[in-house]
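Keep in mind it's a predicted model, so treat the numbers as computed, not measured. When a ligand or atom number is given, it counts from 1 through the structure's own listing order.
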Amino acid sequence: MSLTAPDRRLTASLKWDKYRDRDILPLWVADMDFAAPPAVLAALHERIAHGVLGYGNPPESLPAAFIDYAARHYGWQIDPDWLVWLPGLVQGLNLACRAVGEPGDAVLTATPVYPPFLRAPGLAGRTLITVPLAEQGGRWGWDLAALEAAISPQTRLLLLCHPHNPVGRAWTRTELDALLAIAKRHQLVVCSDEIHCDLLLDEGLRHQAFAGLDADFASQTISLFAPSKTWNLPGLGCALAVIPDAGLRRRFMREMAGLVPAVNVLGYVAAEAAYRDDGQWHAELLATLRHNRALLIRAFAGSRLGLTVPEATYLAWIDARSIDAQNPLPVFEAAGLGLSDGRDFGLPGYLRLNFGCPASTIETAIQRLQAAGLL
Ligand SMILES: Cc1ncc(COP(=O)(O)O)c(C=O)c1O
């Protein structure tokens with residue numbers, strides 16, 4: 001086993017500090033409790049051993065590491081000129097909102113969704129338009145008619161989360177084609193956040209990059225990737241935008257100028273080692289996440305809590321409206337679980353549980369829910 005989970009208490013961890021003085025399991029922010037893959041740690045040790053930590057450049061071999069990975073895993077051929085390295089994917093969402101259209105234009109997205117999707121348009125002086133995803137029998141999908149009806153002549157950008165945080169959908173080819181058709185009809189640019197695309201839990205799934213759907217439409221896309229979720233490196237701050245159109249890429253980079261710092265030298269090293277790793281750690285991770293997901297499915301079956309079974313991500317979306325339709329979070333904290341609040345994602349009464357942790361932590365979480373009479 002190369003998957004290890006050291007004690008994270010007192011390590012200045014955002015996730016673990018939140019409840020440091022209370023007996024509450026932190027299952028909220030999206031980082032995992034696993035150490036990074038041995039190959040990534042070895043590359044970092046080697047870089048540190050050199051001793052000089054001056055200003056860096058993206059290593060010359062890094063673009064090929066990502067491009068080869070994307071060709072093998074997403075079937076998408078990427079040109080090195082299209083890459084823009086970023087110190088975080090959230091910057092990419094904010095930059096996309098600034099780089100497309102003009103102040104006063106509208107940005108469309110579907111809720112519930114990762115909170116920065118809801119904040120970025122307003123921060124860029126754009127109007128946020130949201131359309132609810134539709135839930136049927138625990139599976140979430142697009143209400144395409146509502147999506148299209150929400151588009152006005154001012155709508156310039158669609159922010160897509162693929163796979164989707166928090167509902168865990170890996171959008172199918174049919175769903176993506178329908179979104180593509182709408183984007184073409186209304187001349188929208190699509191910014192696709194694909195940070196969770198290597199965390200596909202259902203057997204046989206393969207990631208379809210949105211920008212890889214249609215070579216002509218690729219010029220209307222900004223795709224955002226990062227090794228940080230899959231290989232658990234979010235504290236190192238390394239992400240990238242793939243922007244095939246030179247004009248859109250220039251505009252995106254102009255918005256970065258003077259404000260967005262370069263990626264730190266360790267982030268680049270870790271990213272390259274992650275994209276070049278042999279896949280063994282990744283396979284162990286997926287097996288663990290599938291096991292944790294199965295524990296949750298079994299425990300929630302027939303309970304008063306609704307569990308959306310994620311096809312992808314290590315995030316479970318819980319319908320807790322039977323506990324409190326507006327704010328169930330404190331009830332779960334009282335039971336000893338610290339979850340993410342659905343209100344931040346645009347949907348009160350729901351909670352998000354991060355199961356990127358050892359199975360023993362999920363077993364404890366389930367016991368706590370049972371002891372509190374919530375399951
Ligand atoms: C969909 C999505 N995008 C972006 C991020 C954060 O990316 P970064 O830490 O690189 O800004 C997250 C983290 O949870 C996420 O779930």
Tell me if the centroids of the rings in His164 and Trp171 come within less than 6.0 Å of each other. yes
Run the ring-centre check on Trp231 versus Tyr69 and record whether the distance is less than 6.0 Å. yes
Would you say atom 10 (O) of ligand 1 touches the protein, meaning some protein heavy atom is under 4.0 Å from it? yes
Ligand 1 atoms nearer than 4.0 angstrom to some heavy atom of Cys161 are 1 (C)
Does ligand 1 come near enough to Leu89 that some N or O of the ligand is less than 3.5 Å from an N or O of the residue? yes
Just which atoms of ligand 1 are under 4.0 Å from any heavy atom in His196? 1 (C), 15 (C), 16 (O)
Looking at Arg173 and Asp177, is there a salt bridge between them, counting it only when a charged N and a carboxylate O are closer than 4.0 Å? yes
Using salt bridge (charged side-chain N to carboxylate O under 4.0 Å, His left out) as the criterion, point out the one residue from Glu284, Glu203, Glu311 that pairs with Arg290. Glu203
Starting from atom 4 (C) of ligand 1, find the nearest protein heavy-atom neighbour and note its residue, name and distance. Tyr114 CE2, 3.3 Å
Mind checking whether Ile318 and Leu133 sit in one hydrophobic cluster, side chains of I, L, V, M, F, W, Y counted as touching below 4.5 Å? no
So, for Trp281 and Phe34, is the gap between ring centers shorter than 6.0 Å? no
Close-contact set for ligand 1 against Ala30 heavy atoms, below 4.0 Å: 14 (O)
N or O contact, Asn165 vs ligand 1, cut-off under 3.5 Å: yes
Out of all atoms in ligand 1, which are within 4.0 Å of some heavy atom of Gly88? Include the element for each. 10 (O), 11 (O)
What protein heavy atom sits nearest atom 2 (C) of ligand 1, and how far away is it? Asp193 OD2, 3.2 Å
Just by distance, no angles: are the side chains of Asn165 and Arg352 close enough, under 3.5 Å, to form a donor-acceptor pair? yes
Any N/O pair Ala239/ligand 1 closer than 3.5 Å: no
Between Tyr74 and Phe225, does the ring centroid distance fall short of 6.0 Å? yes
Look only at interatomic distance and state if Lys229 has a nitrogen or oxygen under 3.5 Å from any nitrogen or oxygen of ligand 1. yes
Can you name the atoms of ligand 1, numbered from 1 with element, that are less than 4.0 Å from a heavy atom of Ile195? 1 (C), 2 (C), 3 (N), 4 (C), 5 (C), 7 (O), 15 (C)
